[in-house]
There are 2 protein chains.
Amino acid sequence: MNLKQLSQTLGLSQTTVSRALNGYPEVAEATRQRVQKAAAEYAYRPNTRAKGLATGRAMAVGHVIPVSSRHEMVNPVFADFTAGAGEIYVTHGYDMLISVVPDDAEEQAYRDLATKGSVDGIIMHGPRSTEARISLLQEIGLPFVVHGRASDETDDYDWVDVNNRRAFRRACEHLIDLGHRRIALINGLEVMDFARRRLAGYLEALQAHGIDADPALIRSDEMTEAYGYDSTRQMLARQNPPTAFLSSSVIPTLGIRRAVEEAGLRLARDISVITHDDELSYLRNGGEVPTFTAMRSSVRQAGRLCAERLIAMIRTPGGPAQNTLLEAEFIPGQSTGPAPGGATA
Amino acid sequence: MNLKQLSQTLGLSQTTVSRALNGYPEVAEATRQRVQKAAAEYAYRPNTRAKGLATGRAMAVGHVIPVSSRHEMVNPVFADFTAGAGEIYVTHGYDMLISVVPDDAEEQAYRDLATKGSVDGIIMHGPRSTEARISLLQEIGLPFVVHGRASDETDDYDWVDVNNRRAFRRACEHLIDLGHRRIALINGLEVMDFARRRLAGYLEALQAHGIDADPALIRSDEMTEAYGYDSTRQMLARQNPPTAFLSSSVIPTLGIRRAVEEAGLRLARDISVITHDDELSYLRNGGEVPTFTAMRSSVRQAGRLCAERLIAMIRTPGGPAQNTLLEAEFIPGQSTGPAPGGATA
DNA sequence: TCATTCTTCCAAAGCGCTTTGAACAGAAAC
DNA sequence: GTTTCTGTTCAAAGCGCTTTGGAAGAATGA
């Protein structure tokens, strides 16, 4: 059933039916009722493409998911972020268009989304510290929101991010307060902006307490379970092993725990661990007292916020850039305790 | 730059330019060259919506991602599946439209995708054993491919699935061959078809070797790490604990390992574990000798196959249903060994 | 030479919707 | 009674593309 048929059925013009359904005032209330009733009855849904062509809006939002061509890796955070964003889109009648793109073809992907007119706005994922994509998107002219930030970018742009620096500073200080002095950082890929900020927070905390950072205790890589395990095992094998770990994601944290337990040590008692927790739905760190002490910040919620902001930008363009900085919540768990007595200072 | 402008620039009609770009024969080769060169130069990309409206094709594929409203859970497999499918779409010029839908609103989501004309085909995820969605999709009339199967469905339809029954039968037999008699099954949610088939394979193997299944050793739930941990801990605490575990996904398997090690037992020596491995990119069970003995089947590859099949169906509709049954590969790893001597038979 | 067939191009219609500009009542104002 | 609103409806144009049905010119065949 399309508009033409519906209007013929009703004995009205397409104009009137269209206006009645889209809430324009110049339609008699009685007519509107009649139209709406018929539309519901015949399950009329306007054709997206035709509507888009006529209005110039796509009623769709694009997400470009870079897939690391080196690591063949999909960001584990992506599914939950998407779920959050999707919730919002649905309520506003927007579709979500996903482009899975090898990270060396991203530029073209953004350009195409714009020139083909398939979306009204874009969410950008996984910003590096220096991001060519931001100026690219500005040049393209589509509204966009960045999930995360690019520290080296000087222009204004819209982003939603977690206060990574503060979260890691706070977590690190918590460990220091517990008496830990040798604290390892199991970070994400170095080029990623979030990793850089977490490193900064970690270093700040150490410095504030007069502790020299030990490069041997700092790792950066794709955040897999194996990475957490390997790093931890190697560090624990040193003559001067760390007594605590700070981890960038629950996934490597599982590897940390494994290495710790395999070494015959116990979490909290021998080795403390604080992890960043994105609240990934299948890796919940929940329960009465969560397994891991954590800096918690829901990536799903971040998805919702990005989506809401983007839709607002699409509806009323031209405003000033808005930035949302979420604070991670400190969640005490069962993986932290005072530094063991004999810890070298 | 749109078609009109491009054709004016070239001094040709829109018709000719359109045909030249779309590879129709009735265009002089010289003209075609000229048009293509200009198109490249001005970075002309036809407007998707206009093209779709004219051709009646959306050049997009829909994925409906049900989000369990009870568990607020996104299938962890989804990100990698999507990445695989996305690779294929890109090469064929298709967009990917994702609808994140609470699982009680799925029917409407499918209907809307069809009537709004936003997609040419649909990929269905996470089939239950009895699936109302399949007849719904058949009624709707859009081409669709199911990732997985619905055992109770009698009609023909296109699917791509792993041979879950055989994989779990084989894995279970492997454990039996190693001398294990008390083998636990950490399965997925009971309603899911894959879980039912895995259970069937497991039971077959037991029965074939005259072993009575013990209901206390069979669990079904959402596949989280905590679920694997809790189940294992409880089972190991029994007076007659299992000596081996069969797990439906790497995520609960991590929990199994944790519970095993926490109980002071060692994998392979005291407790054997075989896991199903979807090759999730951030939970690689790799290395020279993988950590876990596994039944491996890449979900990313499944995504590619589904996408390819769907595009074929869109291009030439009306053929007979095609079914692809993938065999999981048996991967010997470090988590299996002979049943401990004193194992009760 | 003229009729016929290709080859190459084009004008215009149409996809399903929104939106502009106008028309037509009936009511209100003069 | 005429004019001016006001409220309601409609015809038609337009969004950017594809595709149908010619048409004009070149090539072919008798």
Side-chain angles (χ1 to χ4, degrees), chain A residues 1-36 38-39 42-60 93-95 112-120 315, chain B residues 1-36 38-39 42-60 93-95 112-120 315:
Chain A
M1 171 71 69
N2 60 22
L3 185 62
K4 191 172 177 182
Q5 296 166 332
L6 182 63
S7 59
Q8 280 170 352
T9 311
L10 283 161
L12 289 168
S13 75
Q14 296 190 35
T15 312
T16 305
V17 176
S18 170
R19 305 208 116 134
L21 292 174
N22 289 319
Y24 284 73
E26 58 271 80
V27 172
E29 200 45 40
T31 320
R32 188 191 305 279
Q33 299 288 346
R34 201 158 67 88
V35 171
Q36 281 172 343
Y42 297 112
Y44 167 73
R45 295 267 183 289
N47 181 294
T48 320
R49 294 189 303 274
K51 189 164 184 159
L53 191 54
T55 56
R57 329 191 95 196
M59 291 309 281
Y94 279 78
D95 285 330
D112 284 1
L113 279 180
T115 55
K116 295 197 306 183
S118 16
V119 300
D120 298 324
R315 293 206 170 142
Chain B
M1 172 74 66
N2 62 21
L3 185 62
K4 192 172 177 183
Q5 296 165 330
L6 182 62
S7 60
Q8 279 170 353
T9 310
L10 284 161
L12 289 168
S13 74
Q14 296 189 37
T15 312
T16 306
V17 175
S18 171
R19 305 207 116 134
L21 292 174
N22 289 319
Y24 284 75
E26 55 273 81
V27 171
E29 199 46 39
T31 321
R32 188 191 304 280
Q33 299 288 346
R34 202 159 64 90
V35 171
Q36 281 172 342
Y42 298 112
Y44 167 73
R45 296 267 183 288
N47 181 294
T48 320
R49 295 189 303 272
K51 189 164 184 160
L53 189 55
T55 56
R57 326 191 98 196
M59 292 307 282
Y94 278 79
D95 285 332
D112 284 0
L113 278 180
T115 55
K116 295 198 305 182
S118 19
V119 301
D120 298 324
R315 292 206 170 142

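A, B, ... follow the sequence lines: proteins, then strands. Residue 1 opens every chain.
- Rounded to an integer number of Å, the gap from CZ of Arg32(B) to P of dC9(C) is 10 Å.
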**OP:** Go through the steps for Val17(A) and Tyr44(A) under the test side chain to side chain contact (heavy atoms under 4.5 Å, CB included), then give the verdict.
**Re:** CA-CA 11 Å; Val17(A) 176; Tyr44(A) 167 73; 5.8 Å; no

**OP:** Encode nucleotides 14-19 of chain C as B, S and - characters from 5' to 3', where the letter depends on protein heavy atoms closer than 4.0 Å: B to the base, S only to sugar-phosphate, - to neither.
**Re:** BBBBBB

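- Atom CG of Leu10(B) and atom P of dC9(C) are 12 Å apart (whole Å).
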Subject >> Arg57(A) and Tyr94(A): CA distance, side-chain angles, deciding distance, side chain to side chain contact (heavy atoms under 4.5 Å, CB included) verdict >> reply: CA-CA 10 Å; Arg57(A) 329 191 95 196; Tyr94(A) 279 78; 3.9 Å; yes

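- Side-chain atoms of Ser7(B) come within 3.5 Å of backbone atoms of Leu3(B) as a donor-acceptor pair (strictly under, hydrogens ignored).
- Judged by distance alone, the side chain of Thr55(A) and the main-chain N or O of Lys51(A) form a donor-acceptor pair under 3.5 Å.
- Gln33(A) contributes no side-chain N or O that, together with a main-chain N or O of Ala30(A), makes up a donor-acceptor pair within less than 3.5 Å.
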**OP:** Please step through side chain to side chain contact (heavy atoms under 4.5 Å, CB included) for the pair Leu10(A) and Val35(A), ending with a clear verdict.
**Re:** CA-CA 7 Å; Leu10(A) 283 161; Val35(A) 171; 4.0 Å; yes

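- Rounding to the nearest 0.5 Å gives a distance of 5.0 Å between OG1 of Thr48(B) and NZ of Lys116(A).
- Here the straight-line distance linking atom CZ of Arg45(A) with atom CE of Met1(A) works out to 12.5 Å at 0.5 Å rounding.
- From one end of the helix from dT1(C)-dA30(D) to dC30(C)-dG1(D) to the other, with five pairs defining each end axis, the axis direction shifts by 60° (rounded to 10°).
- In this structure, CD of Glu26(A) is placed 14 Å from P of dG21(C), rounded to the nearest angstrom.
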